[in-house]
Structure formats: C-alpha cells, structure tokens
Amino acid sequence: MTATAEAPVTSSEPDWAEPLRVEVIMGSVRQGRFGPVVTDWFVSKCAQRADLRVGVVDLAEGTADLAERIGRADAVVVVTPEYNHSYPGPLKTAIDGVGVEWRGKPVAFVSYGGLSGGLRAVEALRVVFAELHTVTVRDTVSFHLAHQRFTADGDAVDEAGTGAAATVLLDQLTWWARALRAARARAPYGG
Ligand SMILES: Cc1cc2nc3c(=O)[nH]c(=O)nc-3n(C[C@H](O)[C@H](O)[C@H](O)COP(=O)(O)O)c2cc1C
C-alpha cells in the first residue's frame, strides 16, 4: 500500500494564533428594541479577549455591505430575539441576502426573549444555517425574561453565570474559527 502524501502547507496559510475577525449581527430592527442592550453586553465580553477583532452589524442601519463583511469574517455571532416562537423576519432576509460567503464559517448564537430565552429562535436558525454550509456552535448564551436580566448600566444581573456562558461560547467559536480558517486556506470548501 502506498502512503498518501499530505498536502503541503502553503505560505499563505494563516497562523493559528492570528486574531480572528468576528461579526456580531444584531437581529432586531424593531423600534424600541432591547437588542442593543444584549449586543453591547456580548461585545464587551468579546473585547476582553485579545484574540478577537469584533464588528457589529446593525440590520436597522442597512445590509448593503453584509455579504462583504461575512466574506471577510472568520466567525459570526447572531444576537436574536424570539418573535412568535421563531427569529425576526428581517434577520432571515439579511441572512438570505448573503450567499457563498457563509460557506465554511462558524456561527454562534446569543438569544433573548420571554420565557424561552429565545432558544426556539436559535433552534430554527440552526436549520437555516445548515442549508448555508455553516457550522453552528453548540452552546449559546440565552436570556429569558431578558428585560429583567440587565442593570441600568448594561451589566448582566447574573454576571458570573452569563459571563461563564459567554466564555464557553467564545471558546467553542474560536476553535471552529481557527480550524475552518486554516482549512479554507488549504483548500476551497467543496460544498
Ligand atoms: C411580536 C413579538 C412576538 C414575541 N414572541 C415571543 C415568543 O414567542 N417567545 C418569547 O419568549 N418572547 C416573545 N416575545 C418577547 C420578545 O422576545 C422580547 O420582547 C424581546 O425583547 C424582543 O426583542 P427586541 O426588543 O430587541 O425586538 C415577543 C415579542 C414581540 C414584539
């Protein structure tokens, strides 16, 4: 039997430790929305990590450059509320407006809502993102009865618990982001 030679690592392959570009998509566009409170909190968690370069996509401000931003991103986090047991319509429209740029990218979810904490929206989004050839991260950060879960300063009431959940999410997301970045550099995604 002949041993198969490994594909050579090209010089363009990024270093594993190189900072990751993460786009955080704020999924709510509603007037009077609570989304910015949750998004700002999560972005502040990202800012504590030296390995991330974070941008925020506010769908209420337009989506003209969304495909280009997803194309450049190593990872995406969707911050979604739950409306009638699912995700917001404008969020779906924005996701659908991006095509091949999604392929081979990891996607994580921060959710919020009433009793469900937005988890039904997340599970519905996983089906959508599977179709787009992404990898969705298992663990989420979710806020049930979200309006009661933040102080006036924007801190989480349960900072220890939710902060730990954000750490787990980001550890999983960054592992996938590094692995997939290296894989995409080595060979185009075959889907
Ligand atoms: C039209 C509508 C439908 C909602 N449906 C649900 C729901 O099915 N489950 C839930 O847990 N919360 C539900 N909520 C509560 C929202 O998730 C909560 O108000 C959240 O803050 C909405 O996010 P936003 O303020 O950023 O738009 C609903 C809110 C609205 C406005």
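Atoms within each ligand, like the ligands themselves, are counted from 1 in listed order.
Considering both main-chain and side-chain atoms, Gly113 never comes within under 3.5 Å of ligand 1 through any nitrogen or oxygen pair. Not a single N or O atom of Gly32, backbone or side chain, sits closer than 3.5 Å to an N or O atom of ligand 1. Looking at ligand 1, you won't find any N or O of Pro81 less than 3.5 Å from one of its N or O atoms. Considering both main-chain and side-chain atoms, Ser116 comes within under 3.5 Å of ligand 1 through a nitrogen or oxygen pair.
Here the side chain of Arg184 pairs a donor or acceptor atom with the backbone of Gly104 at under 3.5 angstrom. In this structure a side-chain-to-backbone donor-acceptor pair under 3.5 Å is missing from Thr80 to Tyr87.
Closest protein heavy atom to atom 14 (N) of ligand 1: Glu82 O, 3.2 Å. In this structure, atom 26 (O) of ligand 1 lies nearest to the protein heavy atom Tyr112 OH, 2.6 Å. When hydrogens are left out, the protein atom nearest atom 12 (N) of ligand 1 is Gly114 N, 3.1 Å; that is the closest non-hydrogen contact. When hydrogens are left out, the protein atom nearest atom 5 (N) of ligand 1 is Asn84 N, 2.8 Å; that is the closest non-hydrogen contact. Atom 2 (C) of ligand 1 has as its closest protein heavy atom Tyr83 CD2, 3.8 Å.
For atom 21 (O) of ligand 1, the choice among His144, Met26, His147, Arg30 with the nearest heavy atom turns out to be His147.
Residue Val128 is grouped with residue Val78 when hydrophobic side chains (ILVMFWY) are merged at heavy-atom distances under 4.5 angstrom, including chains of intermediate members.
Within ligand 1, counting atoms from 1 as listed, the ones closer than 4.0 Å to a heavy atom of His85 are 7 (C), 8 (O). Atoms of ligand 1 lying under 4.0 Å from any heavy atom of Gly35, numbered from 1 in the order shown and given with element: 26 (O). Applying the 4.0 Å criterion to heavy atoms of Ser28 picks out, from ligand 1, the atoms 24 (P), 26 (O), 27 (O). Against a heavy-atom cut-off of under 4.0 Å, Leu115 is close to the following atoms of ligand 1: 11 (O).
Using a cut-off of 4.0 Å between Lys/Arg side-chain N and Asp/Glu carboxylate O, Asp155 and Arg149 are scored as not salt-bridged. Checked for salt-bridge contact, Arg120 and Glu123 miss the test: no charged N lies under 4.0 Å from a carboxylate O. A salt bridge between Asp58 and Arg33 is present, with a side-chain N of the basic residue lying under 4.0 Å from a carboxylate O of the acidic one. No salt bridge links Asp74 with Arg178; every basic N to acidic carboxylate O contact stays at or beyond 4.0 Å.
Trp102 and Glu131 form no side-chain donor-acceptor contact under 3.5 Å, judged by distance and modelled atom types alone.
Side-chain contact between Asp51 and Pro19: absent, with no pair of heavy atoms (C-beta onward) separated by less than 4.5 Å. The closest side-chain heavy-atom distance from Val38 to Phe34 is below 4.5 Å.
Ligand 1 lies within reach of Arg120, whose nearest heavy atom is under 4.0 Å from it.
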